[in-house]
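Here is the structure we will look at, set down as structure tokens.
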Amino acid sequence: MTVRVRFAPSPTGYLHIGGARTAMYNYLYAKAMGGKYILRIEDTDTERSERKFEISQIEDLKWLGITHDEGPDVGGEFGPYRQSERGHIYKAWGEKLLDAGHAYHCFCTEAELTLKNEIALAEKRDPQYDGKCRDLSKEVVASRQAAGEVAVIRFKAPKKAYAFNDHVRGHVVFPEGMVGDFVIIRANGIPVYNFAVVVDDATMKITHVIRAEEHLPNTLRQLMIYEAFGVTPPEFAHGSLLIGEDRQKLSKRHGATSVNLYKEMHYLPAALLNYLCLLGWSHPDETDVFDVHSLGIMFNLERFTKASAIYDIIKLNFINGQHIHKLPVETVLGEVEKVIPAEHPFHKMDHAWKMNCMTIFREKINLFTEITSQIDVLFSLEVSADAEYIDAKSWETTPKIREYLEIEIANAKAAGKKFVTEEDLNNWSTHVKGELKIKGKQLFMGMRAVLTHQAHGPDLKFIIPLTPIEILEKRIHL
RNA sequence: GCACCCAUCGUCUAGCCCGGCCUAGGACACUGCCUUUUCACGGCGGCGACUGGGGUUCGAAUCCCCAUGGGUGUACCA
């Protein structure tokens, strides 16, 4: 039997990182098992569903490299893949349940139900449906409908316990009486989530349902429906939940929780996936930095974590940095050019210079957006207010260095040099050491202070040859 | 309220199923030292956890029970 898994988002907002993680797990499992990964759009909530969200979610999935084998945009033999287009299927399957006596029409009004719920709650009883319409005869139903009354279709919840084996949770038992008769098809004819999911998973031949723990209680209702249809349920794997620092389910107020935001912030999709993968699953080799797409058969359902995981952007940043550091310089340059402001002098430099620059600075960033402040040491004319810098500036040796360097730089410029070389820099320090008799901290810190007006920064032998000579000249006179 | 799920360093986790190799391992963060000043990288260290209580056992992070804490669900949302 070939494995068929699915990711079934609701187009009611942008792709959430939790959803991205679920999609990835399904995708990875299909890849590992040589199966198919299906994308299904669950837009039965007509109030909140919007096509633009479906489009953006598919786009974000694509950005992440999570590509589906079947879906609304690519088709497939089990379509349609949008629940809003599967009405006839739900209707037919609903009839089956009605005919078999597993479901019935219910005419109770919302007001009636709300009132009963309140009473039940007040009496500390479970607010389950009382089964008022459960035994209405066919004739009564027909005549009330003819009279214009609208009905929902309710499922007759069997009074018995249910159990199943979850790949993550193990043996899960739902005792008898956890749910009352629940609605499967609304008054407007649109099916309710738990019903639509079962019909879709059954007709799409889904073999494994991999989703987050929040769906665990839903499994009971779904199991009931599978049973009523006489269909063997798929296998389930309920992974952990993604939560915020306050231990609540991750939501917008926890900051950047949608994938498109990470795209905008120029994160590497491979890094986001890598980090998300680690939140609730662990690599067999216990490594932290890897390419999820090369996981292959290493990915399995046995290494999921049961406990909820707190989303921590600091570690994501670290992983993003690790991925950047492994990228070819050329690629880094391409990305970085997108984030450095258009008016930045960086863009005026030639290709060779940019490549040299990236070879050095690639190692120093975790995010592409950090590059601009990093390369400031090459162009900035700012004078540090740092105490260490002020100290270095006050040494009696420092003005001597400045005086000497002023001449050297003027000469280099007069000779037509656009940049000084590492060799020049070496000669300078040799001179300062030999002729000016300045060494150790006074030498290095002094040269740094004069040349950059900072107390700290990357190695001078890397940054000075990259600093335009006019900048050096201006700094000398600051 | 009721039901279900969960519980190892601040965080992500390994170990748990098949008790001893665990004076609990790794990673992020924080931090010390080293690498002919600094910073970064790297290397070597440090800090830092089995929620509590019972039980089973020669022996428990690992098995059982209870308590506590947290989470999710309880919709004509998904």
Taking atom [atom1] in both [N] and [M], compute the distance separating them and give it to the nearest angstrom.
{"N": "B:G53", "M": "B:U74", "atom1": "C1'", "value": "32 Å"}
{"N": "B:A29", "M": "B:G48", "atom1": "C1'", "value": "12 Å"}
{"N": "B:A49", "M": "B:G25", "atom1": "P", "value": "11 Å"}
{"N": "B:A3", "M": "B:G46", "atom1": "C1'", "value": "46 Å"}
{"N": "B:U62", "M": "B:C22", "atom1": "C1'", "value": "10 Å"}
{"N": "B:C17", "M": "B:U11", "atom1": "P", "value": "25 Å"}
{"N": "B:C9", "M": "B:A24", "atom1": "P", "value": "14 Å"}
{"N": "B:U13", "M": "B:C76", "atom1": "P", "value": "34 Å"}

Atom pair distance, as rounded to whole Å: [atom1] in [X] and [atom2] in [N]:
{"X": "A:R211", "N": "B:U72", "atom1": "CZ", "atom2": "P", "answer": "17 Å"}
{"X": "A:Y275", "N": "B:C12", "atom1": "OH", "atom2": "P", "answer": "8 Å"}
{"X": "A:H215", "N": "B:C6", "atom1": "NE2", "atom2": "P", "answer": "17 Å"}
{"X": "A:F182", "N": "B:C77", "atom1": "CZ", "atom2": "P", "answer": "14 Å"}
{"X": "A:L241", "N": "B:C4", "atom1": "CG", "atom2": "C1'", "answer": "13 Å"}

Hydrogens and angles aside, do [X] and [Y] bring a side-chain donor and acceptor to less than 3.5 Å of each other?
{"X": "A:E235", "Y": "A:H167", "result": "yes"}
{"X": "A:R362", "Y": "A:H325", "result": "no"}
{"X": "A:E70", "Y": "A:Y81", "result": "yes"}
{"X": "A:T22", "Y": "A:R211", "result": "no"}

Under 4.0 Å between any heavy atoms, over every strand shown, what does [X] touch: base, sugar-phosphate, or nothing? Just pick one.
{"X": "A:E213", "answer": "base"}
{"X": "A:M445", "answer": "base"}
{"X": "A:V173", "answer": "sugar-phosphate"}
{"X": "A:K364", "answer": "base"}
{"X": "A:P9", "answer": "nothing"}
{"X": "A:N218", "answer": "base"}
{"X": "A:C277", "answer": "nothing"}
{"X": "A:G280", "answer": "sugar-phosphate"}

Any N/O donor-acceptor pair, A:D459 side-chain to B:A40 base, under 3.5 Å: no

Proximity of A:H215 and A:Y193 rings by center, below 6.0 Å: yes

Cation-pi geometry met for A:K160 and A:Y162 (6.0 Å, 45°):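 Yes, a cation-pi geometry.
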
Stacked cation flag A:R221 on A:F155, 6.0 angstrom / 45 deg: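 No, A:R221 does not lie over the aromatic ring of A:F155.
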
Identity of whatever pairs with B:G10 - Watson-Crick or G-U, under 3.5 angstrom: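 Its partner is B:C28 (Watson-Crick or G-U wobble, both distances under 3.5 Å).
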
Base partner of B:G19, which must satisfy Watson-Crick or wobble distances under 3.5 Å: none

Greater than 12 external heavy atoms within 6.0 Å of A:R247's CZ: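 For A:R247, atom CZ is not crowded (no more than 12 foreign heavy atoms under 6.0 Å).
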
Verify the contact: side-chain N or O of [X] to OP1 or OP2 of [N], cut-off strictly under 4.0 Å; return yes or no.
{"X": "A:T44", "N": "B:A78", "value": "yes"}
{"X": "A:R247", "N": "B:U11", "value": "yes"}
{"X": "A:S282", "N": "B:A14", "value": "yes"}
{"X": "A:R303", "N": "B:G15", "value": "yes"}
{"X": "A:Q248", "N": "B:G71", "value": "yes"}

Of the listed nucleotides B:C76, B:C12, B:C6, the one nearest the side chain of A:R169: B:C6

Closest-nucleotide 5' rank along RNA chain B - winner of A:Y311 and A:E363: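 Comparing both residues, the 5'-ward one is A:Y311.
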
Per-nucleotide protein contact string for nucleotides 25-30 of chain B, where B marks a base within reach and S marks sugar-phosphate only (heavy atoms under 4.0 Å, - for neither): B-BSS-

